[in-house]
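Take a look at the structure below.
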Amino acid sequence: MSTPSIAIEGSAQHMSLSLPRWLITLTGFSALTALFFWPWVSHLSSALIGPPEDNMQDFWNSWHAATSSGWNDFFFTRQIRWPEGTPLYYHSFAYPQVFVVAVLAKLLSADFATLMALQNITQLATFPLAAMTMFALARHLLGEVPGRDLGAAVAGFIFAFNPWHVAQVMHHAHVAGIEFLPLFVLFYLLALERRSWGWLVGATAMQALSALSCWYFFFYALYFMAFHLLYLRLRDKTWPRGWYLAMPAACAAGCTLLLSPWLLPMLSSGGKSDVYYVGNNMFVADLLAYVAFPPTHLLARFGSGVYAALTGNPWEGTVYLGLVNLAVLTWALTRKTDRRLLAYALGGMAFFMAIASGEALHVGGHVTPIHMPDIILGKLPFFANVRTPARAMVLVYLFLGLALAQATVLALRHRAKLPMVLTAVLMLMLIDFTPVSLAATPVSCPAPLQVIANDNTQFGVLDLPGGYENGNASMLLSACHGKPIVQGETSRKVGLSLADRLELRDLATQKRQLQGARVKYVVLHRNSQFQQTGDEMARYARTYRVLRQDRDMTVLKVY
């Protein structure tokens, strides 16, 4: 069987890139990050990236990592859902990101403002890092052809700065950690091409790091290996054998072994119905959303009707491919030249678009009777927990970047004839992915919480009212006082705690519950995240002792 090269004119023989090229490219992508996201960059230590939602939980994750006493704190904690605590192996830790925050906090400071700045910086860093790793992958696959650096830069831009990634950075730190995926693909292809155990180890490590960023990526790496085997079958007219079959099996097995301390507890809960959430046919890639301008687009008002009709929320449904990009791909398909990389990339796009579609094809919010692969994947044990199919778009954008890399190289051959046209098209591609309406969450530590922070005894804190959004906000504010809280949210609910049996009507009974669980303080919130009527406030004030209050909250003492 021949080497599975898919470059336009042969793969590059050496992976080394000169330092100036790396520095220039990284500097360019970093400058573009600062330019695109200046509204965030200018408030690094005073506002979290994104609207008040899961970003508050993500901040708690970083705070928890920076203040943890050991690795056991990543598997179980009593800092949330006090006093029973909760397992964390299903939680949304972006492990590489929180590890970096923890290390930097040790070197700098673990105070609230510094941690917020580190949280934002590590989130923003995913843009230039993802662009650089994609640059390396595209440059290798393009091979020794004129213009491959520009083509690879276009691929890096598409992969890192697409609207889907922008949406994930605003809402989910773990899904935003996409920078290891291009390296996984690159090392995997190099291992196949060169029959190299060294590159296989590299691919295994990159798959593990991708999974530790977002455990969905563990499955997407498996799906990529399945796609590449299918590609080899179609290209060579025979199923792969020998190394080409053993290598992906070894990669998957090696990654599973590396992640076994984390995966085994997850698998042990795989049969529990409470860890299987809805979403497999809700948070999907809608067919019209591929061409509808997303909420962060300059022309978002023209796509608002499509996004209002989606079965899921707008940020998970942001799958815009770019009208300019699609026009460029259409043009590239008309060129009579070697288009192996283009065909490979379009095949990969189609493969992962099918996975991103969920159990059935959605068109403008309407669920059609056309079944998609997730109708099977969503029923498999453990695989069913990959409940947000639209996140497979990360691989769609990877392949889109490769397709546009070759299209750029093809266009450069016509540069002498149409230099202004090529420049204009590249500018339009840039503008089409330029984000606007970037939401942020201003955060500071409320003064009333200082009374809790100054109490050095062991106890828990109850924030009211509850609910998912309020639970996220409670987690963020717990970083101000550092004490365990009764509320708190995890990506999957594993086990019950005081929050599930707490009495809310009979405050006398509630007080006995809190005293028995060593919950010393109750915090009643009156801001946009927490709503309490005047009657409720008075009822609590008659039951508990009022310590501190301002316009946003009241701190009550239980005992």
Side-chain angles (χ1 to χ4, degrees), residues 1-8 11 134 137-138 140-141 155 159 181-195 199-200 203-204 206-207 210-211 216-256 284-285 290 321 329 333 338-361 370-380 383 386 389-403 405-406:
M1 183 178 294
S2 59
T3 300
S5 172
I6 54 174
I8 295 177
S11 297
M134 187 65 200
L137 171 62
H140 169 69
L141 292 180
F159 179 69
L181 284 170
L183 291 182
F184 160 71
V185 173
L186 175 60
F187 295 170
Y188 180 87
L189 295 177
L190 284 168
L192 280 177
E193 293 171 10
R194 303 180 183 182
R195 299 173 179 264
W199 287 116
L200 171 58
T204 302
M206 290 305 106
Q207 183 183 1
S210 295
Y216 282 36
F217 296 166
F218 173 78
F219 297 93
Y220 296 162
L222 298 179
Y223 298 161
F224 170 81
M225 288 187 269
F227 161 74
H228 195 72
L229 286 172
L230 180 61
Y231 161 77
L232 294 178
R233 169 64 180 85
L234 295 174
R235 190 198 66 179
D236 299 330
K237 307 292 191 300
T238 183
W239 283 106
R241 299 186 301 274
W243 173 258
Y244 300 104
L245 195 58
M247 199 285 265
C251 185
C255 181
T256 302
V284 304
Y290 287 124
L321 297 178
L329 291 183
L333 287 171
D338 186 348
R339 296 176 299 188
R340 280 178 290 171
L341 179 55
L342 184 60
Y344 179 78
L346 292 176
M349 286 180 63
F351 184 90
F352 281 97
M353 286 167 72
I355 292 175
S357 297
E359 296 182 359
L361 185 66
I370 302 175
H371 294 313
M372 305 304 288
D374 208 56
I375 192 68
I376 298 175
L377 297 173
K379 302 297 187 296
L380 298 177
F383 281 70
V386 186
R391 293 178 182 176
M393 287 299 299
V394 63
L395 269 298
V396 175
Y397 284 109
L398 183 146
F399 283 108
L400 175 62
L402 293 178
Q406 180 167 20

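Note that the structure is predicted; figures quoted are calculated from it, not measured.
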So how far is it from [X] [atom1] to [Y] [atom2], rounded to the nearest 0.5 Å?
X    : Y    : atom1 : atom2 : answer
W199 : L186 : CH2   : CG    : 6.5 Å
L190 : H140 : CG    : NE2   : 4.0 Å
E359 : H371 : CD    : NE2   : 9.0 Å
I370 : I375 : CD1   : CD1   : 13.0 Å
F219 : I355 : CZ    : CD1   : 12.0 Å
R235 : L232 : CZ    : CG    : 5.5 Å

Run the numbers on R391 and Y220 for side-chain contact (heavy atoms from CB on, under 4.5 Å), then give the verdict. CA-CA 9 Å; R391 293 178 182 176; Y220 296 162; 3.4 Å; yes
What are the two closest heavy atoms between [X] and [Y], and how far apart are they?
X    : Y    : value
A390 : A285 : CB-N, 3.8 Å
L341 : L402 : CD2-O, 4.1 Å
M134 : A155 : CG-O, 3.4 Å
A191 : M247 : CB-CE, 3.5 Å
P248 : M225 : O-SD, 3.6 Å

Within a strict 4.5 Å, meaning less than it, do heavy atoms of the [X] and [Y] side chains meet?
X    : Y    : result
Y290 : M393 : yes
S357 : D374 : no
F159 : V394 : yes
L377 : V386 : no
W239 : L245 : no
F187 : Q207 : no
L395 : Y223 : no
V284 : L361 : no

Are F399 and F227 close enough that their ring centres sit under 6.0 Å apart?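 Judged by ring-centre distance (under 6.0 Å), F399 and F227 do meet the cut-off.
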Looking only at the aromatic ring of each residue, does the gap between the centers of Y344 and H228 stay below 6.0 angstrom? yes
Quick check on L333: does its CG atom have over 12 non-hydrogen neighbours (other residues, nucleotides or ligands) under 6.0 Å away? yes
side-chain contact (heavy atoms from CB on, under 4.5 Å) assessment of Y397 paired with L321: CA-CA 8 Å; Y397 284 109; L321 297 178; 4.2 Å; yes
Test side-chain contact (heavy atoms from CB on, under 4.5 Å) on T256 and F218; report intermediate values, then the result. CA-CA 9 Å; T256 302; F218 173 78; 3.6 Å; yes
Working for side-chain contact (heavy atoms from CB on, under 4.5 Å), residues L329 and L342: CA-CA 9 Å; L329 291 183; L342 184 60; 4.1 Å; yes
Decide ring-ring contact (aromatic ring centres under 6.0 Å, His included) for F224 and Y188; before the verdict, give the C-alpha distance in whole Å, the side-chain angles of both, and the deciding distance to 0.1 Å. CA-CA 10 Å; F224 170 81; Y188 180 87; 5.7 Å; yes
